[in-house]
Peer 1: 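I have a structure I would like to understand better, so I am pasting it below and will then ask my questions one at a time.
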Amino acid sequence: MTASSAFTSFTYTGVDAQKFLQGQVTLHVERLEKDVTRYTAICDLKGRIHFGVWLTKRSDEAIELVVSQDQADDFAAHIKKFGAFSKAKLEVTGTVYPKIEGGVTVFVTEETDIVAWEKQAIQLGQAWITATTTHLFQPQELRLHQRHGIDYDKGCYLGQEVIARLWFKAQPKAWLHLIAGTGEVPAPASQLDPHIQIVNSIATEDGYIALVVARPD
């Protein structure tokens, strides 16, 4: 079994760092506790996740951001485009490695067992977005509200109107589930049937486990 995940860390620093990100991510950055890591999202205008982001606020003017390595260049371009007039600077820190600590994912500079992390993250229901799954899922479908990755009283951000309408007026019809199967491991973004779509998957001794967005039935 080989891991499919690699991650890139950035720092975003400057007097407008918190203000700018407050208008980008689904999380309430201003209320986030110092040195606490949360998984949040930057969405497109249709309310679907463009980037999944692990965000850690070191101070109001220094915020660490981690995204999947295959989205790093696109993420940097997005921040620089939308933040062109903000007094803050995005810088690449480098490759970082995930591990589960206290039931949540954190990142370190020393290499970790990424296969073990993928298994644990899937088993814990901690879905993550890569270039393969960008623009496919809404934050609620991945249960980000249960991971403290969405705040509904924080004001405007990209996709906010669609996300709020879905939550308060409609409710998602499908959301994240953990499944186990036999046979070949289904690829992320593939569909097991019209109502079951793979988010993350990994091989096990007996087949595979996967996080899927599906209707409860």
Side-chain angles (χ1 to χ4, degrees), residues 3 5-43 49-80 82-83 86-114 116-118 120-122 124-131 133-134 139 142-155 157-160 163 200:
S5 303
F7 300 94
T8 299
S9 176
F10 295 86
T11 57
Y12 194 56
T13 55
V15 294
D16 288 341
Q18 178 174 262
K19 178 182 177 181
F20 171 74
L21 290 173
Q22 178 75 352
Q24 289 285 312
V25 302
T26 55
L27 172 75
H28 200 306
V29 183
E30 294 174 358
R31 289 206 299 251
L32 182 64
E33 303 94 331
K34 182 181 176 182
D35 298 328
V36 172
T37 299
R38 298 276 189 230
Y39 191 65
T40 185
I42 294 176
C43 296
I49 299 173
H50 188 175
F51 304 102
V53 184
W54 283 270
L55 188 153
T56 309
K57 185 167 72 173
R58 301 304 182 189
S59 72
D60 292 353
E61 297 184 12
I63 297 173
E64 295 176 5
L65 308 161
V66 175
V67 299
S68 65
Q69 200 167 77
D70 60 4
Q71 284 200 294
D73 290 344
D74 192 17
F75 174 76
H78 174 94
I79 296 298
K80 290 174 182 177
F82 283 88
S86 295
K87 295 178 181 178
K89 183 178 182 181
L90 184 74
E91 294 183 299
V92 178
T93 305
T95 300
V96 289
Y97 303 92
K99 66 176 183 177
I100 300 294
E101 193 172 273
V104 299
T105 294
V106 297
F107 291 87
V108 294
T109 55
E110 303 82 14
E111 285 194 40
T112 60
D113 185 340
I114 297 183
W117 171 79
E118 285 190 346
Q120 285 181 288
I122 290 172
L124 291 169
Q126 296 183 17
W128 66 96
I129 293 295
T130 67
T133 51
T134 187
L142 299 193
R143 301 181 185 257
L144 287 196
H145 55 293
Q146 296 176 339
R147 294 169 62 181
H148 308 289
I150 305 174
D151 287 291
Y152 292 106
D153 60 348
K154 59 161 288 182
Y157 56 88
L158 293 174
Q160 181 263 341
I163 292 167
N200 309 110

Peer 1: Any idea which heavy atoms bring Val108 and Thr112 closest together, and the distance?
Peer 2: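 In this case the closest contact between Val108 and Thr112 is CG2-CG2, 3.6 Å.
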Peer 1: When rounded to the nearest 0.5 angstrom, what distance separates CD in Gln18 from OG1 in Thr13?
Peer 2: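 Output value for this atom pair is 13.5 Å.
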Peer 1: Do Asp153 and Arg31 sit within salt-bridge range, that is, some charged N less than 4.0 Å from a carboxylate O?
Peer 2: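 Answer for the salt bridge query: yes.
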Peer 1: Should we count CG of Asp73 as having more than 12 external heavy atoms under 6.0 Å?
Peer 2: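 No, CG of Asp73 has 12 or fewer neighbouring heavy atoms, counting only those of other groups under 6.0 Å.
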Peer 1: Do His78 and Gln24 have side-chain heavy atoms sitting under 4.5 Å apart?
Peer 2: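 Yes; the side chains approach each other to less than 4.5 Å.
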Peer 1: Just by distance, do the side chain of Thr26 and the backbone of Gly149 share a donor-acceptor pair under 3.5 Å?
Peer 2: yes
Peer 1: Tell me whether the centres of the aromatic rings in Phe20 and Phe82 are closer together than 6.0 Å.
Peer 2: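 No, too far apart.
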Peer 1: Give a yes or no on whether the backbone of Lys87 and the side-chain of Asp16 come within a donor-acceptor separation of less than 3.5 Å.
Peer 2: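 Pair found, side chain donor or acceptor close to backbone of Lys87.
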Peer 1: Between Phe7 and Tyr97, is there a side-chain heavy-atom distance shorter than 4.5 Å?
Peer 2: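 The answer is no; the side chains never approach within 4.5 Å.
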Peer 1: Please report the C-alpha distance between Ile63 and Thr11 in whole Å, then the side-chain angles of each, then the deciding distance to 0.1 Å, and finally whether the side chain to side chain contact (heavy atoms under 4.5 Å, CB included) criterion is met.
Peer 2: CA-CA 6 Å; Ile63 297 173; Thr11 57; over 6 Å; no
Peer 1: What's the spacing between Phe10 CZ and Leu90 CG if we round to 0.5 Å?
Peer 2: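 Going from the CZ atom of Phe10 to the CG atom of Leu90 covers 5.5 Å.
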Peer 1: Would you check if Val106 and Pro98 make a side-chain contact, meaning some heavy-atom pair closer than 4.5 Å?
Peer 2: no
Peer 1: Could you work out, with salt bridge (Lys or Arg N to Asp or Glu O under 4.0 Å) as the rule, every residue matching Lys154, not counting sequence neighbours?
Peer 2: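 Salt bridge (Lys or Arg N to Asp or Glu O under 4.0 Å) list for Lys154, sorted by chain: empty.
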Peer 1: Roughly how far, to the nearest 0.5 Å, is CD1 of Ile100 from CG of Leu124?
Peer 2: 5.5 Å
Peer 1: With a 4.5 Å limit on heavy-atom distance, are the side chains of Phe51 and Ile129 in contact?
Peer 2: no
Peer 1: Could you tell me which non-hydrogen atom of Leu158 sits nearest to which non-hydrogen atom of Cys43, and how far apart they are?
Peer 2: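 Nearest heavy atoms, Leu158 then Cys43: CB-O, 3.3 Å.
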Peer 1: Are the side chains of Val53 and Val66 in contact, using a 4.5 Å heavy-atom criterion?
Peer 2: no
Peer 1: Any side-chain heavy atom of Gln22 sitting closer than 4.5 Å to one from His28?
Peer 2: yes
Peer 1: To the nearest 0.5 Å, what is the distance between OG1 (Thr37) and CG (Leu55)?
Peer 2: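 Between Thr37 OG1 and Leu55 CG, I get 8.5 Å after rounding to 0.5 Å.
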Peer 1: Are Tyr39 and Trp128, when compared by the centres of their aromatic rings, separated by less than 6.0 Å?
Peer 2: no
Peer 1: Testing the basics here: between Ser9 and Val96, what is the closest heavy-atom pair and its distance to 0.1 Å?
Peer 2: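 Minimum heavy-atom separation between Ser9 and Val96: CB-CG1, 3.6 Å.
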Peer 1: Taking the side chain from Thr8 and the backbone from Gln69, do they hold a donor-acceptor pair closer than 3.5 Å?
Peer 2: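 Checked: no pair found.
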Peer 1: Mind checking whether Glu111 and Thr95 have side chains closer than 4.5 Å, heavy atoms only?
Peer 2: no
Peer 1: Can you list the steps and then say if Val25 with Tyr157 is a side chain to side chain contact (heavy atoms under 4.5 Å, CB included)?
Peer 2: CA-CA 6 Å; Val25 302; Tyr157 56 88; over 6 Å; no
Peer 1: For the CG atom of Leu27 and the CD1 atom of Ile42, what is their distance to the nearest 0.5 Å?
Peer 2: 11.0 Å
Peer 1: Could you list the residues that satisfy salt bridge (Lys or Arg N to Asp or Glu O under 4.0 Å) with Lys19, not counting sequence neighbours?
Peer 2: none
Peer 1: Please check this pair: side chain of Thr134 against backbone of Ala131, looking for a donor-acceptor N/O pair closer than 3.5 Å.
Peer 2: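 Flag not set: sc Thr134 to bb Ala131 has no pair under 3.5 Å.
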Peer 1: Any chance you could measure Leu65, atom CG, to Tyr12, atom OH, to the nearest 0.5 Å?
Peer 2: 9.0 Å
Peer 1: Is there a donor-acceptor contact under 3.5 Å from the side chain of Ser59 to the main chain of Glu61?
Peer 2: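 Side chain of Ser59 to backbone of Glu61, a donor-acceptor pair under 3.5 Å: yes, one is there.
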Peer 1: Hey, does the side chain of Glu33 reach the backbone of Lys57 with a donor-acceptor pair shorter than 3.5 angstrom?
Peer 2: no
Peer 1: Does Arg147 reach the main-chain N or O of Ala127 with its side chain, forming a donor-acceptor pair under 3.5 Å?
Peer 2: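 A pair under 3.5 Å: yes.
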Peer 1: Counting only N and O atoms by type, is there a donor-acceptor contact under 3.5 Å from the side chain of Gln71 to the main-chain atoms of His50?
Peer 2: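 Between the backbone of His50 and the side chain of Gln71 there is a qualifying donor-acceptor contact (under 3.5 Å).
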Peer 1: Is the shortest side-chain heavy-atom distance between Ile150 and Tyr152 below 4.5 Å?
Peer 2: yes
